[in-house]
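Please read the structure below before turning to the comments.
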Amino acid sequence: MDKEIFKKEQEHLATTYNKLLGMKDQLENDIAALEEKAIEDKNDIRDNIRFDYADIETTMETLTEIEVWNRYIDTYNVESNTCDVRLQTAKNILEAPYFAKVQLQFDESEPPEDYYIGRAAISENGYDQMVVDWRSPIAEVYYNQETGHTHYKVDDREIPVDLQLRRQFDLKKDKLISYFDTQIAIEDPMLLQSLSQTHTDKMQAITATIQKEQNTVIRYPDVPVLLVNGIAGSGKTSVLLQRIAYLFYQKRKTLRPDQVCLMTLNPVFRDYIDNVLPDLGETNPLTLTWQEFMEMVKVPFEDNEYDYTEADSLKRIHEKLQTLTPEVDDFLDIMQKDKVVMTRNEVFSVIKKYSHFPMGVRLIQTSSDELEHRAKISLKNLDHDNFNDSESVAKSDTAENNRIENDFGGALRTIKQCGFIDVMHVARRILGTTHITAAEWLYTKMELTGECDRNMRYVMVDEVQDYTIAQLMVFKKYFPNARFMLLGDEFQAIREGTVSFAEIEEMANEDGKEFVTLPLMTSYRSSPEITDMFASLLPAQKQMMVSSVKRPGEKITSKSCGSDSEYYKELGKLISEFEKLDGLTAIICRNQYNIEKIVEAMGGSAPDVIAEQDSLPKSGAFFIELALAKGLEFDNVILADATSDSYPSDELGKHCLYTAMSRATRRLAIIANGEITQFKA
């Protein structure tokens, strides 16, 4: 490193850091002043507001006054929350104000300009930026890794520039550790340094080390269906989170966190990624497992088994519903607590009134409007005895309707939510079976009522190869206005009956939606030895495209044991050795049964077992089932049940073995109680 350059960059960092400190202090003062003013105003509200409910008119005046004060308080809350977010962003940035610098020349007649790039934009006056956000258009030249004449885009307009310098920084707070002037991704010192660090219980943002192929995915134009097909360890999940952050930046005035949904396979994985977006100054989107999604949409029964619903079942529901003739048992009584407001026969009489409509959304919604009208009349009659005539006359129509809504909300809510339909009965009639899956139930309800979420704009599905066609059909129907980003690796499909990537493309084409597939073929996770090992299970053509950027690492060890005593002795020895190493050690087994068998045999010396609702420990060794280990990565992995029984030589067995081995970044040990399965393509 050049000493003069180092000194100059250190001075720039110190100046930027001191300005940031001043901004943080000012924010803290603003928040303190805001809180003090809010306390004063709340005390004024408490002292001056009068709660007068003498009659309807004064009650309405009181409620109006309360509403005015509530809105006033809400304004304080919004302003306070905004300041809190800005303060937290400032604190995060202070840990490392920026990570890169580019020097650009826009015009040969003008001197080049320097731009420092960080996790968030920093500006003293609102327009002159000390640091530009990594998601800004100008930062694209840094990630493209092409010095010389290049360009970046602003609103689809190309801006030509001459990239004269691409510099990376290793810094902490106001101290510059080192800098690197780099051009080529594979020689990226920051990337190699990042990859050499031990892995923790939380995923870290890759903002400073995004590579060119990853940047292509992150900044790819909006398309209805984007499929990212990446090998194990290619950074699919990191890229997904960076793209979410990028979308929030690009659409910061129109896109809210509640308009983005991330579907993930298990809660362990959700806990693993929950720091990434907040560290980038963004709010985590709605993150759900399939089971949690079923609970959110109020499927009224538990279906704890993996959902193997056939796509043909959902197609049959759609087709047969159009010609299905309603019958009385398709409907339910409308109740207000324990009282019947309308019987199913009365409901059916309304349905028959509109029998010229086919069974579906138009029939149900039209009937629902009339049912609500009739129910209100019925509820007024039901409650008539509680009021004398003079009271009834005094009440306005609006007040009376408000009273009905407040006192009998249960029955009216049932009607508005189409709870008068026996969805299970309808689904059983259509499919001719008593066993209805959660997906079939929900799909039937959506076909009948039109229930959906039109607010959702993006749905991200991680590990998409482990979902079925039927599940994707449910997502597509429930989120009709959403754009989909699907990430996965076909060779990590560890369950029977899941969707192929060709079928995903076919689904998009059937809907006439633009479909784009982007590959990620470089492993940033595993050592070359481990990468070569799991890549040996891929087809020959794909093997040739796989590479690892990590430095050579530890040799892979494997052990075939001839007896129980030898096996448990060797396994215990391996665990003891790995526990002394840096980072996390995962002892992966194909299923929970194998884990329980090993733990029972090892007794008190066995490490802890990670269950579905558990978080990963910060260090040490633990048992984890393969299904829960998917999407996670560990410094050290012991594949503890590598027999042909657990990993047979069929396609599914190879997928499971590929997935298990590719969880390891540094060290991999393979052990079997018996012959080790043959792991070749």
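Just so you know, these numbers come straight off a predicted model, no measurement behind them.
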Taking [X] for the side chain and [Y] for the main chain, is one N or O donor matched with an acceptor at less than 3.5 Å?
{"X": "Asn636", "Y": "Asp582", "result": "yes"}
{"X": "Ser523", "Y": "Ser547", "result": "no"}
{"X": "Gln543", "Y": "Leu538", "result": "yes"}
{"X": "Asp271", "Y": "Ser615", "result": "no"}
{"X": "Arg119", "Y": "Asn92", "result": "yes"}
{"X": "Asp641", "Y": "Cys589", "result": "no"}
{"X": "Lys236", "Y": "Leu487", "result": "no"}
{"X": "Arg135", "Y": "Ala245", "result": "yes"}
{"X": "Ser548", "Y": "Ser526", "result": "yes"}
{"X": "Gln10", "Y": "Asp174", "result": "yes"}

Let me confirm one number: the [atom1]-[atom2] distance from [X] to [Y], rounded to the nearest 0.5 Å.
{"X": "Arg167", "Y": "Asp181", "atom1": "CZ", "atom2": "CG", "value": "4.0 Å"}
{"X": "Ile244", "Y": "Thr283", "atom1": "CD1", "atom2": "OG1", "value": "12.0 Å"}
{"X": "Ile638", "Y": "Glu570", "atom1": "CD1", "atom2": "CD", "value": "11.5 Å"}
{"X": "Asp133", "Y": "Tyr246", "atom1": "CG", "atom2": "OH", "value": "10.5 Å"}
{"X": "Leu537", "Y": "Lys542", "atom1": "CG", "atom2": "NZ", "value": "13.0 Å"}
{"X": "Lys173", "Y": "Leu94", "atom1": "NZ", "atom2": "CG", "value": "8.5 Å"}

With a 4.5 Å cut-off on side-chain heavy atoms, are [Y] and [X] touching?
{"X": "Ile624", "Y": "Arg663", "value": "no"}
{"X": "Phe491", "Y": "Lys654", "value": "no"}
{"X": "Phe99", "Y": "Ile117", "value": "yes"}
{"X": "Leu571", "Y": "Ile598", "value": "yes"}
{"X": "Trp134", "Y": "Ile210", "value": "yes"}
{"X": "Ser527", "Y": "Leu668", "value": "no"}
{"X": "Arg243", "Y": "Leu240", "value": "no"}
{"X": "Val225", "Y": "Leu486", "value": "yes"}

Over all heavy atoms of both residues, which pair between [X] and [Y] is shortest? Give the atoms and the distance, please.
{"X": "Leu639", "Y": "Ala660", "value": "CD1-CB, 3.7 Å"}
{"X": "Asp645", "Y": "Pro648", "value": "O-CD, 4.0 Å"}
{"X": "Asp170", "Y": "Phe180", "value": "CB-CE1, 4.4 Å"}
{"X": "Val609", "Y": "Asp614", "value": "O-OD2, 3.7 Å"}
{"X": "Leu657", "Y": "Tyr647", "value": "N-CD2, 3.5 Å"}
{"X": "Asp2", "Y": "Tyr179", "value": "N-OH, 2.9 Å"}

Cut-off 3.5 Å, side chains only: do [X] and [Y] have a donor facing an acceptor?
{"X": "Tyr116", "Y": "Glu9", "result": "yes"}
{"X": "Gln465", "Y": "Glu463", "result": "yes"}
{"X": "Gln211", "Y": "Thr522", "result": "no"}
{"X": "Gln214", "Y": "Tyr143", "result": "no"}
{"X": "Thr517", "Y": "Asn229", "result": "no"}

**Message:** For Tyr249 and Glu282: C-alpha separation, side-chain torsions, deciding distance, then whether side-chain hydrogen bond (donor to acceptor under 3.5 Å, both in side chains) applies.
**Reply:** CA-CA 9 Å; Tyr249 176 84; Glu282 302 293 353; over 6 Å; no
Does the gap between the ring centers of [X] and [Y] come in under 6.0 Å?
{"X": "Phe484", "Y": "Phe479", "value": "no"}
{"X": "Phe534", "Y": "Tyr658", "value": "yes"}
{"X": "Tyr98", "Y": "His12", "value": "yes"}

**Fill in**
Residues pairing under salt bridge (charged side-chain N to carboxylate O under 4.0 Å, His left out) where one sits in residues 552-564, two or more places apart or in two chains, turn out to be Lys559-Glu566
Does a sphere of radius 6.0 Å around [atom1] in [X] hold more than 12 heavy atoms from other residues, nucleotides or ligands, not counting ones at 6.0 Å or beyond?
{"X": "Met296", "atom1": "CE", "answer": "yes"}
{"X": "Met545", "atom1": "CE", "answer": "no"}
{"X": "Phe6", "atom1": "CZ", "answer": "yes"}
{"X": "Glu651", "atom1": "CD", "answer": "no"}

**Message:** If you apply the rule ring-ring contact (aromatic ring centres under 6.0 Å, His included), what do you find for Tyr458 with Phe248, and how did you get there?
**Reply:** CA-CA 11 Å; Tyr458 292 93; Phe248 281 145; 8.7 Å; no
**Message:** Apply side-chain contact (heavy atoms from CB on, under 4.5 Å) to residues Tyr220 and Met485 and explain how you reach the verdict.
**Reply:** CA-CA 11 Å; Tyr220 200 82; Met485 182 180 183; over 6 Å; no
**Message:** For Phe578 and Ile587: C-alpha separation, side-chain torsions, deciding distance, then whether side-chain contact (heavy atoms from CB on, under 4.5 Å) applies.
**Reply:** CA-CA 10 Å; Phe578 276 37; Ile587 309 154; over 6 Å; no
**Asked** For Leu87 and Lys91, what are the C-alpha separation, side-chain angles and deciding distance, and is it a side-chain contact (heavy atoms from CB on, under 4.5 Å)?
**Response** CA-CA 6 Å; Leu87 178 60; Lys91 288 179 178 178; 3.9 Å; yes
**Request:** Decide yes or no on side-chain contact (heavy atoms from CB on, under 4.5 Å) for Ile530 and Ile556, but give the supporting numbers first.
**Result:** CA-CA 7 Å; Ile530 296 170; Ile556 296 169; 4.2 Å; yes
**Message:** Testing Thr264, Asp466, Thr659 one by one against Lys630 for a side-chain hydrogen bond (donor to acceptor under 3.5 Å, both in side chains), which residue passes?
**Reply:** Asp466
